[in-house]
Amino acid sequence: MFKRWYGDKDHHEQDSAEKQTKINELRAAIGPLSGHSLLFCSDACLRRYLEARNWNIQKSKKMLEETLKWRAAYKPEKIHWDEVAVEGETGKLYRANYLDRSGRTVLLMKPGNQNTTSQENQLRHLVYLLENAIMNLPPGQEQMVWLIDFNGWSLSNSVPIKTARETANILQNHYPERLAVAFLYNPPRIFETFWKIVKYFLDPKTSQKVKFVYPKSGESTSLLEEAFDMDTLQSSFGGKNNQQYDHAEFSKLMRQDDIKTAEYWAMGDEVTEMNGNSASNHDLEVDGNATTES
């Protein structure tokens, strides 16, 4: 038994060493970086891209380079709350003030509360909150959880397929391995048609993270009970928390986070590439509590 235990330990250490070698190889393949790109490409970041491409160096390199180009053009870290606040007035998407049982940031989505028509600004709002959720991940956590409440949703107020496709593209290609699980709560039967189309844009690894939960199904509701403290989970998801979204209070919180975000990324203007090694090899923290590389 002891031999087997030590053997497992040795295997784990060997596996970790091999993965670190792959991370180093990917860093070398990318070449010198500077500014925000350097700050972005921590070892944890490179590991996520490698995991997303089954540890294939060339495929991971291509994926990461495309993200760096996208970030340079889209500048997600430069989006401020007041630019997208109108999108959040109805609470259709916001960060919860609690974590799941694993200590992961939670994004709450209520697509039935759709209040705007600008697809571009809807995506900017989503990207802003993805960045914010990452900013607020506790130390040691790299993934977030999505809770999606379908109360009030219909095909008439659903996002266009084009937007759904772009959303899937951004999440999968520019935030790989950030989603731990997405709980779709009580979707109507007609959503099955919409889901079949959306699922086409998702890779199998991502679609497997999507869990359907129906309040009348004990088997599916147990998924939420396993993932959340029911005293903190919103009543709209079967929990005991009756707190409602307060746009004014959430806006105050987001403006405070905007300051932390700006302070973090300002470090990217100061760090430089040295001997081919990133100065941000390890996840940095803001105020000692948020993992901020994304």
Side-chain angles (χ1 to χ4, degrees), residues 8 12 48 51-52 90-114 126 129-130 132-134 136-155 157-159 164 167-168 171-172 175-246 250 289-291:
D8 291 342
H12 175 73
R48 286 192 298 275
E51 288 178 350
T90 59
K92 66 184 178 187
L93 173 60
Y94 62 98
R95 176 169 57 83
N97 61 357
Y98 56 85
L99 307 174
D100 75 343
R101 292 188 187 275
S102 297
R104 297 175 293 211
T105 304
V106 178
L107 283 183
L108 288 167
M109 304 181 187
K110 297 178 180 289
N113 290 355
Q114 182 60 264
L126 171 65
L129 284 167
L130 286 173
N132 181 266
I134 292 167
N136 285 279
L137 284 169
Q141 283 292 351
E142 296 186 36
Q143 295 185 311
M144 67 187 78
V145 175
W146 289 8
L147 280 173
I148 307 175
D149 175 16
F150 279 86
N151 181 46
W153 181 90
S154 66
L155 287 178
N157 61 16
S158 65
V159 298
T167 299
L171 176 65
Q172 293 179 147
Y175 296 91
E177 300 302 314
R178 282 304 194 182
L179 178 65
V181 60
F183 294 104
L184 278 57
Y185 190 79
N186 203 26
R189 185 175 297 276
I190 196 172
F191 177 76
E192 294 179 6
T193 301
F194 186 78
W195 171 244
K196 288 179 181 178
I197 299 174
V198 173
K199 191 176 181 181
Y200 177 78
F201 306 129
L202 301 177
D203 62 49
K205 194 171 183 179
T206 300
S207 62
Q208 288 173 5
K209 295 178 179 180
V210 176
K211 309 296 181 184
F212 287 78
V213 178
Y214 299 94
K216 294 183 179 180
S217 169
E219 182 178 353
S220 64
T221 56
S222 65
L223 295 175
L224 284 178
E225 293 172 358
E226 292 172 2
F228 292 93
D229 180 341
M230 301 306 284
D231 288 333
T232 61
L233 185 66
Q234 262 89 352
S235 57
S236 57
F237 293 95
K240 300 178 181 179
N241 181 358
N242 293 315
Q243 185 178 15
Q244 299 296 311
Y245 173 74
D246 187 319
F250 189 73
N289 104 20
T291 303

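Remember, it's a predicted structure, so these values are computed and weren't measured experimentally. Only heavy atoms go into these numbers, but all of them, side chains included; no hydrogens, no water, no symmetry mates.
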Could you pull out all residues at least two apart from Ser236 that satisfy side-chain hydrogen bond (donor to acceptor under 3.5 Å, both in side chains)? Lys110
From Ser158 atom OG to Trp153 atom CH2, the distance as rounded to the nearest 0.5 Å: 5.0 Å
OH of Tyr200: more than 12 outside heavy atoms within 6.0 angstrom? no
Can you tell me how far OG of Ser220 sits from CG of Asn186, rounded to the nearest 0.5 angstrom? 9.0 Å
Within the structure provided, determine whether Leu233 and Leu147 are in side-chain contact (heavy-atom separation under 4.5 Å). yes
Can you find a side-chain donor-acceptor pair between Asp149 and Gln234 that sits under 3.5 Å? no
Exactly one candidate in Glu51, Gln172, Glu177 meets side chain to side chain donor-acceptor pair (under 3.5 Å) with Lys205; the answer is Glu177
Kindly compute the distance separating CD (Glu142) from OG1 (Thr105), expressed to the nearest 0.5 Å. 12.0 Å
Kindly compute the distance separating CG (Asp231) from NZ (Lys240), expressed to the nearest 0.5 Å. 5.0 Å
Give me the atom names and distance for the closest heavy-atom approach of Gln114 to Val159. NE2-CG1, 3.9 Å
Does atom CG (Asp203) have a neighbourhood of more than 12 heavy atoms from anything else shown, all under 6.0 Å? yes
Under 3.5 Å, side chain of Ser207 to main-chain N/O of Lys199, donor-acceptor pair present? no
Any Val198 side-chain heavy atom under 4.5 Å of Thr167 side chain: no
For a quick test of reading the model, state the closest non-hydrogen atom pair linking Leu202 to Ala168 and the distance between them. CD2-CB, 3.7 Å
I need the minimum non-hydrogen distance between Gly103 and Pro138, along with the two atoms involved. O-CG, 3.2 Å
With rounding to the nearest 0.5 Å, note down the distance linking CG in Asn97 to CG in Asn241. 7.0 Å
Side chain to side chain, Leu107 and Arg95, heavy atoms closer than 4.5 Å: yes
Side-chain donor-acceptor distances from residues 188-195 under 3.5 Å, at least two apart:
none

When you compare the side chain of Tyr98 with that of Asp229, does any pair of heavy atoms fall below 4.5 Å? no
Looking only at atom types and distance, does a side-chain atom of Lys211 sit under 3.5 Å from a main-chain N or O of Leu223, one as donor and one as acceptor? no
If every non-hydrogen atom of Gly238 is compared with every non-hydrogen atom of Met230, which pair is closest and at what distance? O-CE, 3.4 Å
Pairwise distance CD(Glu226) to CZ(Arg101) - rounded to 0.5 angstrom: 9.0 Å
Measure the shortest side-chain to side-chain distance between Leu108 and Tyr245 over non-hydrogen atoms and say whether it is less than 4.5 angstrom. no
Out of Val145, Ile148, Val106, which one pairs with Phe183 under the side-chain contact (heavy atoms from CB on, under 4.5 Å) rule? Val145
